Amino acid sequence: MKKRFLILVTACLLLSYYPVSAQTEPLISPRPLAIQMEKGSFRLDASTQIIASKQLKTEADYLKTKLQTSAGLTLSVNNASPTGKNKLALLVDAKQLPEFGKEGYQLIVNTGGIKITAADKAGLFYGMQSLLQLINQGDNKLEIPLLTIKDKPRFSWRALMLDEGRHFKGEKAVKQLLDDMAMLKMNVFHWHLTDDQGWRIEIKKYPELTKVGSKRKDSQTAWRSEKREGQPHEGFYTQAQIKNIVQYAAERHITVVPEIEMPGHASAAIASYPWLGTTGEKIEVPVTFGKFKDTYNVADPKVYTFLEDVLTEVMALFPSKVIHIGGDEVLYDQWKASPQVKALMVKENLKTPADVQIWFTNKISKFIASKGRRMMGWNEIMGGKVHEFTDDKETAAKEKLDQGTIVHFWKGTTEMVTDAASKGYDVVNSYHIYTYLDYDYKEIPIRKAYEFNPIPEGLDPKYDKHVLGLGCQMWGEFIPTEASMQAMIYPRLAAYAEVGWTDLSRKDYTYFKNTMKLIENHWKAEGIQVESADYDALAK
Ligand code: ACM
């Protein structure tokens, strides 16, 4: 019995070490759903023609440029389909591959050429990303093995969040991230544009937000440290720049979801317009990081006018259906001390500060919904004990969050995800111990990032559909430079991309590690600061 068990274990180990397809399956990140290999190859050369209808001109031009830069190949684009071989055909047809959804695709390489088919331009774009990765491997880059790839994502929400409230990075850094997200088939850029330490988006009706709120005198250099950078920090995006970035992202099938923090993490706004705050006192944009007591005065109608005006300008800039309003880490001290908020609680029959927050959040949610959009917020917007520092009595809530809201889980127990999903809320899972890119590689090694499962254990499979996917979050307190930011993001970004895209049945860490040799080379050639972290390290 013991011997048989040993043989079984050895066989399993050998099999997992030498996956049957490992020698032949090309390396694509994130790993596709199905790759069927044939014998032989097709050689792309300067006479290969890209065939695409006029409606696919943007996609064809994108592929042409990428082939020029990555393979030194200049192909012509033709919209008629010539007879003969040596074609790279792009086809979008809603009737094709209905089971693969908008983001799925099929990529066929045969002796006559290459054909990428999808039901939607998004799927075509992802097929092109797989092709670009197929080209960039092996000694002979342009010799592509004959194969059929059928692919679609596991989740519809595959996000990277960048916090620029803390340290502004600027357009070039953001576009670089968008390029790398596109390569990895990530589709949501969650842009954290306001926080205590900085307001980074031009709002025409309230110019002080950027005149005052985008600047601070100094910056703390580490948690609980008295050390400061010793220089002022500032920066914001004009509305023209925002439009340009949103367009750049759209060309890469990435939706930009803006986050405008409320009712907490609002010091920069309150420094700009002190009447927004619960105390009405004048404050400065903080130079330290952490949680701050300054909170919007949720009992003042003028504050709602302000927030609605801001959101109106935001919604004009961002076509995203989803608008994120933050809602995390609200400290209740100022509300508890405010006669106006106390009166509001009596008038609206709100029993706890969490009820006040939910009541406020629902007002904002209704406003956003009235414009045809959908609100999203960090999971504190449901009430409940999320933090050690809160009092159970204050976080207990009888108010109910609007049903259409997306709950962005980051902290608390995973039962909170189960609870929200089983009550019918859509959830994006950004559980901090797995997905926070500001945590170092000891806390979240690459392997741990890769192993994250957005569907929590214990969730009845009938609610799986409510888990839209995951976000990974690059919080900005202690990443003052682009290089320090990149070292935290790369290479873990690829692990999160695979969590979002690859079917569980296809996840294989050995395959992932092999793929990463190519991906890392690509990043390094782009001049990106890639952390040389140990792929086999386990969490401390
Ligand atoms: C958060 O990390 N405060 C959402």
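None of these values were measured; they are calculated from a predicted model. Basis for what follows: all heavy atoms, side chains included, without hydrogens, waters or symmetry-related copies.
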How would you list, by chain and number, every residue that makes a salt bridge (Lys or Arg N to Asp or Glu O under 4.0 Å) with [X], sequence neighbours excluded?
| X | result |
| --- | --- |
| Asp460 | Lys462 |
| Lys102 | none |
| Glu171 | Lys175 |
| Arg252 | Asp179 |

For the residue pair [Y] / [X], report whether a side-chain donor-acceptor contact shorter than 3.5 Å exists.
| X | Y | value |
| --- | --- | --- |
| Glu251 | Gln247 | yes |
| Ser53 | Asn79 | no |
| Thr58 | Lys121 | no |
| Glu259 | Trp378 | yes |
| His432 | Tyr439 | yes |

According to the salt bridge (Lys or Arg N to Asp or Glu O under 4.0 Å) rule, which pairs have a member within [range], sequence neighbours left out?
| range | result |
| --- | --- |
| residues 42-52 | Arg43-Glu143 |
| residues 103-118 | Glu103-Arg158 |
| residues 472-500 | Arg166-Glu477, Lys172-Glu482 |

[Y] backbone acceptor or donor facing [X] side chain under 3.5 Å:
| X | Y | answer |
| --- | --- | --- |
| Asn379 | Lys411 | yes |
| Gln49 | Ser47 | no |
| Lys243 | Thr238 | no |
| Asp120 | Ala122 | yes |
| Lys64 | Leu75 | yes |
| Asn244 | Ala240 | no |
| Asp151 | Leu33 | yes |
| Ser430 | Gly471 | yes |

Please report the closest heavy-atom contact between [X] and [Y], naming both atoms and the distance.
| X | Y | value |
| --- | --- | --- |
| Leu132 | Ser70 | CD2-OG, 4.2 Å |
| Leu27 | Asn514 | CD1-O, 3.7 Å |
| Cys472 | Met186 | SG-CE, 4.2 Å |
| Val499 | Phe452 | CG1-O, 3.3 Å |
| Ile381 | Ile406 | CD1-O, 4.3 Å |
| Pro30 | Thr502 | CB-OG1, 3.5 Å |

Exercise answer: donor-acceptor pairs, residues 315-324 side-chain atoms, under 3.5 Å, sequence neighbours excluded:
unit_1	atom_1	unit_2	atom_2	d
Ser320	OG	Val322	N	3.0
Ser320	OG	Val322	O	2.6
Lys321	NZ	Gly372	O	3.1
His324	ND1	Gly326	N	3.0
His324	NE2	His408	ND1	3.0

The criterion is side-chain hydrogen bond (donor to acceptor under 3.5 Å, both in side chains); which residues satisfy it with [X], sequence neighbours excluded?
| X | value |
| --- | --- |
| Trp191 | Glu164 |
| Tyr441 | none |
| Glu520 | Lys524, Tyr535 |

Could you tell me whether [X] and [Y] make a salt bridge, using a distance below 4.0 angstrom between a side-chain N and a carboxylate O?
| X | Y | answer |
| --- | --- | --- |
| Lys204 | Glu202 | yes |
| Arg374 | Asp426 | yes |
| Asp536 | Lys513 | yes |
| Asp309 | Lys205 | yes |

I'd like to check [X] versus [Y] (side-chain heavy atoms, cut-off strictly below 4.5 Å). Are they in contact?
| X | Y | value |
| --- | --- | --- |
| Gln133 | Met183 | yes |
| His253 | Glu59 | yes |
| Leu162 | Met485 | yes |

Going by the rule side chain to side chain contact (heavy atoms under 4.5 Å, CB included), which residues pair with Ile108 if we only count those two or more places apart in sequence or in a different chain?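 Gln106, Asn110, Thr148.
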Approximate separation, where rounding is to 0.5 Å, of [X] [atom1] and [Y] [atom2]:
| X | Y | atom1 | atom2 | result |
| --- | --- | --- | --- | --- |
| Ile116 | Leu63 | CD1 | CG | 6.5 Å |
| Ile455 | Thr414 | CD1 | OG1 | 12.5 Å |
| Asp163 | His190 | CG | NE2 | 9.0 Å |
| Met37 | Ile149 | CE | CD1 | 8.5 Å |
| Ile519 | Leu184 | CD1 | CG | 6.0 Å |
| Met181 | Tyr496 | CE | OH | 14.0 Å |

Under the criterion side chain to side chain contact (heavy atoms under 4.5 Å, CB included), I'd like the reasoning laid out for Ile144 against Leu131: C-alpha separation, chi angles, the key distance, then a yes or no. CA-CA 9 Å; Ile144 306 172; Leu131 175 64; 4.1 Å; yes
Does [Y] have [X] sitting over its ring (NZ/CZ under 6.0 Å from centre, angle to axis within 45°)?
| X | Y | result |
| --- | --- | --- |
| Lys150 | Phe100 | no |
| Lys507 | Tyr450 | yes |
| Arg31 | Tyr511 | yes |

Could you give me the CA-CA distance, side-chain angles and deciding distance for Asn453 and Tyr434, then say whether side chain to side chain donor-acceptor pair (under 3.5 Å) is met? CA-CA 9 Å; Asn453 187 353; Tyr434 281 96; over 6 Å; no
Partner of Ile203 by side-chain contact (heavy atoms from CB on, under 4.5 Å), out of Thr194, Val314, Ile260: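 Exactly one pass, corresponding to Val314.
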Does the ring center of Tyr105 lie less than 6.0 Å from the ring center of Phe125?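 No, they do not, as the ring centres are separated by 6.0 Å or more.
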Is the Phe155 to Trp501 ring centre distance short of 6.0 Å?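 That pair fails the under 6.0 Å test.
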Over 60° means perpendicular and under 30° means parallel, so tell me whether Tyr436 and Trp475 are parallel, tilted or perpendicular.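 The rings of Tyr436 and Trp475 sit tilted, inter-plane angle from 30° to 60°.
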